[in-house]
Amino acid sequence: MNVFQSSEDYLERILMLEQKLGKVRSIDIANDMNFSKASISIAMKKLKEKDLIHIDEKGLITLTSKGREIATKIYERHVVLTTMLIKLGVDEKIAREDACKIEHELSEDSFNAIKKHINQH
């Protein structure tokens, strides 16, 4: 996993946790991803330095507009690709795992063609 891919994964996870919990803290991300609190703290520091997240004085994490844009794009890819794989007969758990791998590497053209195909059928 490259650095950009892991950043995308963290941003996507923050978005998902935000939708689920309302408020997101580092410990929520660590628990959800089964990573150590130290690993998450390092990752959050890097995301903050890139102006992709904001961490307030209470430790609550929010996506910046730039971070939200990336997270939304990756999450949409994840949902569409998971749906496609399930429709092809792939087990849901495997479909989610494979979608996570594919979502970062797939070209915009290929993704748009898949999305168009799913929407038409």
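When reading the values below, keep in mind they use all heavy atoms of this one structure, side chains included, and skip hydrogens, waters and symmetry mates.
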Checklist entry - Given Arg77, which of Glu103, Glu108, Glu105 fulfils the salt bridge (charged side-chain N to carboxylate O under 4.0 Å, His left out) condition? => result Glu108
Item to check | Lys37 side, atom NZ; Ile42 side, atom CD1 - distance, nearest 0.5 Å | outcome: 11.0 Å
Item to check | Sub-4.5 Å side-chain heavy-atom contact between Ile53 and Leu11 | outcome: yes
Checklist entry - Under a 4.5 Å cut-off applied to non-hydrogen side-chain atoms, are Asp98 and Lys101 in contact? => result yes
Item to check | Within-4.5 Å side-chain heavy-atom neighbours: Met33 and Tyr10 | outcome: yes
Checklist entry - Is there a side chain to side chain contact (heavy atoms under 4.5 Å, CB included) between Leu106 and Ile114 once you walk through the steps? => result CA-CA 10 Å; Leu106 193 65; Ile114 291 168; 3.9 Å; yes
Next on the checklist: Do Ile55 and Leu60 have side chains that approach each other closer than 4.5 Å (heavy atoms only, starting at C-beta)?
Outcome noted: no
Next on the checklist: With a 4.0 Å cut-off on N to O distance, would you call Glu18 and Arg13 a salt bridge?
Outcome noted: no
Item to check | Check against side chain to side chain contact (heavy atoms under 4.5 Å, CB included), Leu63 and Leu52 | outcome: CA-CA 6 Å; Leu63 296 164; Leu52 297 172; over 6 Å; no
Next on the checklist: Determine whether Ile61 and Ile29 satisfy the following criterion, side chain to side chain contact (heavy atoms under 4.5 Å, CB included), listing intermediate values before the conclusion.
Outcome noted: CA-CA 10 Å; Ile61 299 167; Ile29 301 165; 3.8 Å; yes
Item to check | Approximate separation, where rounding is to 0.5 Å, of Met16 CE and Leu21 CG | outcome: 11.0 Å
Item to check | Separation between CZ of Phe35 and OG of Ser6, rounded to the nearest 0.5 Å | outcome: 8.5 Å
Checklist entry - Any side-chain heavy atom of Lys58 within less than 4.5 Å of one from Lys23? => result no
Checklist outcome for this item: When rounded to the nearest 0.5 Å, the distance separating CG of Asn31 from CD1 of Ile40 is 9.5 Å
Next on the checklist: On a heavy-atom basis, which atom in Cys100 and which in Asp9 lie closest, and how many Å separate them?
Outcome noted: SG-OD1, 4.0 Å
Checklist outcome for this item: All heavy atoms of Glu76 vs all of Lys115, minimum pair found to be OE2-NZ, 2.8 Å
Checklist entry - Is Lys73 paired with Glu8 through a side-chain N to carboxylate O contact shorter than 4.0 Å? => result no
Next on the checklist: Between Glu97 and Lys93 (salt bridge meaning N to carboxylate O under 4.0 Å), is one present in this structure?
Outcome noted: yes
Checklist outcome for this item: Heavy-atom closest pair (Asp51 atom, Thr64 atom, distance to 0.1 Å) is O-OG1, 2.7 Å
Checklist entry - What closest approach, in Å, do Ala95 and Val90 show between heavy atoms, and which atom pair accounts for it? => result N-CG1, 3.7 Å
Item to check | Flag side-chain contact, heavy atom, 4.5 Å: Ser7 against Lys46 | outcome: no
Item to check | Worked check of side chain to side chain contact (heavy atoms under 4.5 Å, CB included) between Ile14 and Met44 | outcome: CA-CA 10 Å; Ile14 292 166; Met44 294 306 105; 3.9 Å; yes
Item to check | Met84-Ile86 co-clustered via ILVMFWY side chain contacts under 4.5 Å | outcome: no
Item to check | Closest heavy-atom pair and its distance - Ala99, Leu81 | outcome: CB-CB, 3.8 Å
Checklist entry - Rounded to the nearest 0.5 Å, how far apart are CG of Leu15 and CD1 of Ile70? => result 12.0 Å
